[in-house]
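Chain identifiers are assigned alphabetically (A, B, ...) following the order of the sequence lines, protein sequences preceding nucleic acid strands; residue numbering begins at 1 within each chain. Worth knowing before you read on, the calculation uses all heavy atoms, side chains too, and leaves out hydrogens, waters and symmetry mates. From a predicted model like this one, the values you see are computed outputs, not experimental measurements.
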Amino acid sequence: MKVRTRFAPSPTGALHVGGIRTALFAWLVARQAGGQFVLRLEDTDKKREQAGAEQQIEASLRSLGLDYDEGPDIGGRFAPYRQSERLDNYKEWGRKLIDSGRAYADPYTPEEVQAFREEAQRAKRPFLYRNHRPDSPPEWDGSQPLRFKSEPKAYQWHDEVMGDLSTGPEVIDDFILIKSDGYPTYNFSHIIDDAEMEISHVIRGQEFIASTPNYLNLYEALGIERPVLATMPHILGPDGNKKLSKRDGAKDVLDYIKDGYLPEALVSFIATLGWNDGTEQEIFTVKELVEKFSLARVQRSGARFDERRLTWVNGHFIRQMPLDKLYEASAAYWPAQASGASADYKRKVLGLLAERLKFLKEIQELSGFFFTEPDTSAVTGLYNDPSDKQLKKVDKAKLRELLGAARQELAASDFTEEDLAQRLNALLDRLETKPGILFAAVRIAISGAPASPQLFGTLCVLGKDTSLRRLDNALELLK
RNA sequence: GGCCCCAUCGUCUAGCGGUUAGGACACCGGGUUUUCAUCCCGGCAACAGGGGUUCGAUUCCCCUUGGGGUCACCA
């Protein structure tokens with residue numbers, strides 16, 4: 001079978017993790033089979049549409065490397081890929097259904113239908129339009145909704161993720177195919193488009209499982225062979241059990257990218273949210289995912305979104321990334337003060353920072369003192385009230401003595417890491433002091449930060465002039 | 001409310017009749033002789049409940065409970 005999958009969002013907002021996961025899995029299925037992945041825009045609701053959403057969706061997919069072979073902005077064999085540009089198509093299929101007696105014009109006003117619905121609600125029964133199906137509907141002139149004339153019956157079908165599913169005839173109803181504004185409903189348009197675009201696997205969220213029997217009924221009326229169906233469980237919010245939404249702090253994918261989460265980390269994390277290969281592997285490269293992914297191993301229950309785990313995965317990817325690649329990826333995250341610094345210097349700073357980064361945006365806060373003098377009030381603050389327990393025991397006079405001695409050693413050093421280590425360690429013995437005291441004192445003088453990368457490397461990168469100057473400044477502050 | 005789906009540590013999960021129920025995140029402790037972090041070692045922590053089936057159920061079946069979805073001229 002020729003495998004073609006699609007991701008078919010409506011342009012009503014940004015893509016969050018839930019939507020992206022559906023896209024990722026569809027993409028993986030296509031890439032694994034050497035098939036195509038299609039992006040189609042379901043823009044049939046003008047009221048809910050949001051300006052810029054299409055671009056945002058496209059950018060989100062691209063930023064994660066989920067490239068599509070056909071889509072609204074790149075065209076393809078079955079263009080156009082915006083449903084709003086395929087309206088004639090749906091009308092034509094609507095006519096066919098009218099001709100075969102499987103569609104009819106809905107004569108009721110929205111208010112009348114609403115009254116039926118409320119009546120059903122009062123009786124605590126599910127609402128079925130077909131209980132009110134008109135005997136002799138008017139001719140469809142496009143101003144009324146066009147409804148599907150269903151043929152209720154029981155269904156059982158196979159879902160690649162959920163397994164065998166079944167329902168009774170009571171869930172089948174006469175749903176609207178084409179709205180009175182001329183736009184099709186999702187229920188109609190996606191079936192037509194999937195068929196015309198030769199989509200082999202329909203992979204989508206759990207919310208569609210209830211309407212699947214209706215689609216099955218429509219496929220039969222249309223004489224269309226149904227594609228393979230796969231239903232993804234929802235991704236749930238971190239604290240609640242509700243479907244993940246913006247309100248749960250579900251950031252848009254581009255927000256994560258902006259904060260310096262790496263695409264490959266995002267992909268690995270999202271893929272393992274509801275899927276695993278049965279081994280104890282926790283992290284996957286994109287290549288591995290393409291090889292190992294299978295719909296059959298997708299979890300049937302919903303998964304909670306835990307950002308802490310994403311953060312861990314991201315840190316993992318950062319740490320195993322070669323420095324050159326990491327440097328490339330970090331371009332947008334340097335603080336403003338770094339603009340004058342050389343690439344070579346920044347690369348060295350990044351080398352020191354790399355092992356403690358959770359995401360790239362942290363470079364901004366962590367690297368400040370490499371580019372500007374430490375804040376004097378921060379330095380005095382740290383000396384007066386050190387977080388370090390050892391340093392607490394030392395008075396100012398002693399601090400001055402230690403820093404003075406350290407300054408002398410540094411002045412004599414060639415500022416290679418080895419030499420610095422050797423000299424300062426020797427100083428430790430000579431002054432009979434603990435590293436927790438001497439090194440902390442020096443570290444604060446040169447960084448003004450409560451936490452910073454390892455001392456010798458930091459001194460080495462900052463260089464002799466800067467280091468000595470900062471030590472002098474600190475000595476001045478301690479007077 | 002009807003219909004449908006789901007159910008292992010706090011979280012993501014392995015398990016597909018016999019296991020000391022495994023891993024990871026988070027958390028807690030220890031180590032890597034400066035801080036933070038990394039890394040390593042250790043610890044805490046789960047089969048929702050009740051019936052069956054079976055020599056034996058986390059695993060298969062049923063019920064209960066709990067959670068979710070759906071019942072739009074939204075997708």
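The nucleotide whose nearest atom lies closest to any side-chain atom of Ser211(A) is, among U38(B), A75(B), G22(B), A75(B). When the nucleotides C12(B), C3(B), G69(B) are ranked by their closest atom to the side chain of Glu207(A), G69(B) comes out on top. Checking U34(B), G69(B), A75(B) against the side-chain heavy atoms of Glu42(A) singles out A75(B) as nearest. Listed nucleotides A75(B), C12(B), A24(B) differ in distance to Asp45(A); the shortest reach to its side chain belongs to A75(B). Side-chain proximity of Ala210(A) to C25(B), U34(B), G69(B): nearest is G69(B). For Tyr215(A), whose side chain is taken as the heavy atoms from C-beta onward, the closest listed nucleotide among C73(B), A75(B), C3(B) is A75(B). Comparing C73(B), G23(B), G10(B) against the side chain of Pro110(A) picks out C73(B) as the nearest. Nearest nucleotide to the Lys179(A) side chain, out of C73(B), G22(B), U35(B): C73(B). The side chain of Ile176(A) lies closest to C73(B) when the candidates are C71(B), A37(B), C73(B). The side chain of Ser180(A) has C73(B) as its nearest neighbour among C73(B), U34(B), U35(B).
For residues 264-274 of chain A, no residue pair satisfies the side chain to side chain donor-acceptor pair (under 3.5 Å) rule, not counting sequence neighbours.
Positionally, the nearest nucleotide of RNA chain B for Trp275(A) lies more toward the 5' end than for the other of Trp275(A) and Pro9(A). Nearest-nucleotide positions on RNA chain B for Arg319(A) and Arg309(A) put Arg309(A) closer to the 5' end.
Nucleic acid contact for Thr231(A): none, since no nucleic acid atom lies under 4.0 Å from a heavy atom of the residue. Contacts of Arg147(A) with the nucleic acid, taken as non-hydrogen atoms under 4.0 Å apart, involve only primed sugar atoms and P, OP1 or OP2. The residue Gly274(A) sits close only to the backbone: its heavy atoms come under 4.0 Å of sugar-phosphate atoms, none of a base. Arg122(A) comes within contact range of no nucleotide atom at all, as no heavy-atom separation falls under 4.0 Å. Contact annotation for Pro233(A): no contact, since no heavy-atom pair falls under 4.0 Å across all strands. In this structure, Glu170(A) reaches the sugar-phosphate backbone alone: every heavy-atom distance under 4.0 Å involves primed, P, OP1 or OP2 atoms, never a base. Residue Ser10(A) is classed as a sugar-phosphate contact, given heavy-atom separations below 4.0 Å to backbone atoms only.
The CD-C1' distance, from Gln281(A) to A24(B), rounds to 12 Å in whole Å. Spacing between atom CZ of Phe284(A) and atom C1' of C12(B) amounts to 12 Å, rounded to whole angstrom units. Taking atom CG on Asn187(A) and atom C1' on C73(B), their separation rounds to 11 Å, with Å as the unit. To the nearest angstrom, P of A75(B) lies 13 Å from CD1 of Ile178(A). Rounded to a whole Å, the CZ atom of Phe208(A) is 14 Å from the P atom of C74(B). Atom P of nucleotide A75(B) and atom CG of Asp43(A) are separated by 10 Å, given to the nearest angstrom. Atom pair Glu280(A):CD and C25(B):C1' shows a separation of 14 Å (rounding to whole Å applied). Here C25(B) presents its C1' atom at 15 Å from CG of Asn276(A), a figure rounded to the nearest Å.
In this structure, a donor-acceptor pair under 3.5 Å is absent between the side chains of Glu307(A) and Tyr261(A). For the 3.5 Å distance criterion, the side chains of Tyr129(A) and Asp106(A) qualify, holding a donor opposite an acceptor.
Distance check on atom P: A37(B) versus A26(B) gives 11 Å, rounded to whole Å. One C1' atom belongs to C25(B), the other to G68(B), and the distance between them is 24 Å to the nearest Å. Only the C1' atoms considered, A45(B) is 14 Å distant from G23(B), to the nearest whole Å. Comparing the P positions of G66(B) and C28(B) gives a spacing of 34 Å, expressed to the nearest Å. Using atom P as the reference point in both A48(B) and G10(B), the two lie 11 Å apart (nearest Å). Taking atom C1' in both C16(B) and C63(B), the straight-line distance is 24 Å, to the nearest Å. Between the C1' atoms of G30(B) and C44(B), the separation comes to 15 Å (whole Å). Rounded to the nearest Å, the gap between the C1' atom of G29(B) and that of A21(B) is 25 Å.
Aromatic rings of Tyr68(A) and Tyr81(A) (six-membered ring for Trp) have centroids beyond the 6.0 Å cut-off, not under it. Checked against the 6.0 Å centroid criterion, the rings of Phe208(A) and Tyr215(A) do not qualify as a close aromatic pair. For Phe269(A) and Phe305(A), the gap between ring centers is short of 6.0 Å. Between Phe25(A) and Phe293(A), the ring center distance clears the sub-6.0 Å criterion.
Within a 6.0 Å radius of CG in Asp88(A), no more than 12 heavy atoms belonging to other residues, nucleotides or ligands are found.
Just one residue in the list Arg297(A), Lys292(A), Glu282(A) forms a side chain to side chain donor-acceptor pair (under 3.5 Å) with Asn276(A), and that residue is Arg297(A). Tyr104(A) pairs with exactly one of Pro134(A), Pro145(A), Pro138(A) by the side chain to side chain contact (heavy atoms under 4.5 Å, CB included) rule, that one being Pro134(A).
Between Lys361(A) and Asp259(A) there is a salt bridge, since a side-chain N of the basic residue sits under 4.0 Å from a carboxylate O of the acidic one.
Residue Arg125(A) places none of its side-chain N or O atoms closer than 4.0 Å to OP1 or OP2 of G1(B). At least one side-chain nitrogen or oxygen of Lys358(A) sits closer than 4.0 Å to the OP1 or OP2 atom of U38(B). Lys47(A) has a side-chain polar atom (N or O) that falls below the 4.0 Å cut-off from OP1 or OP2 of C74(B).
For G1(B), the paired nucleotide is C71(B), the pair qualifying as Watson-Crick or G-U wobble because both relevant distances are below 3.5 Å. Using Watson-Crick or G-U wobble geometry with both donor-acceptor distances under 3.5 Å, A7(B) finds its partner in U65(B).
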Where do N or O atoms of nucleotides 5-7 of chain B meet protein N or O atoms at under 3.5 Å, pair by pair?
| from | atom 1 | to | atom 2 | distance (Å) |
| --- | --- | --- | --- | --- |
| C6(B) | OP1 | Arg300(A) | NH1 | 3.4 |

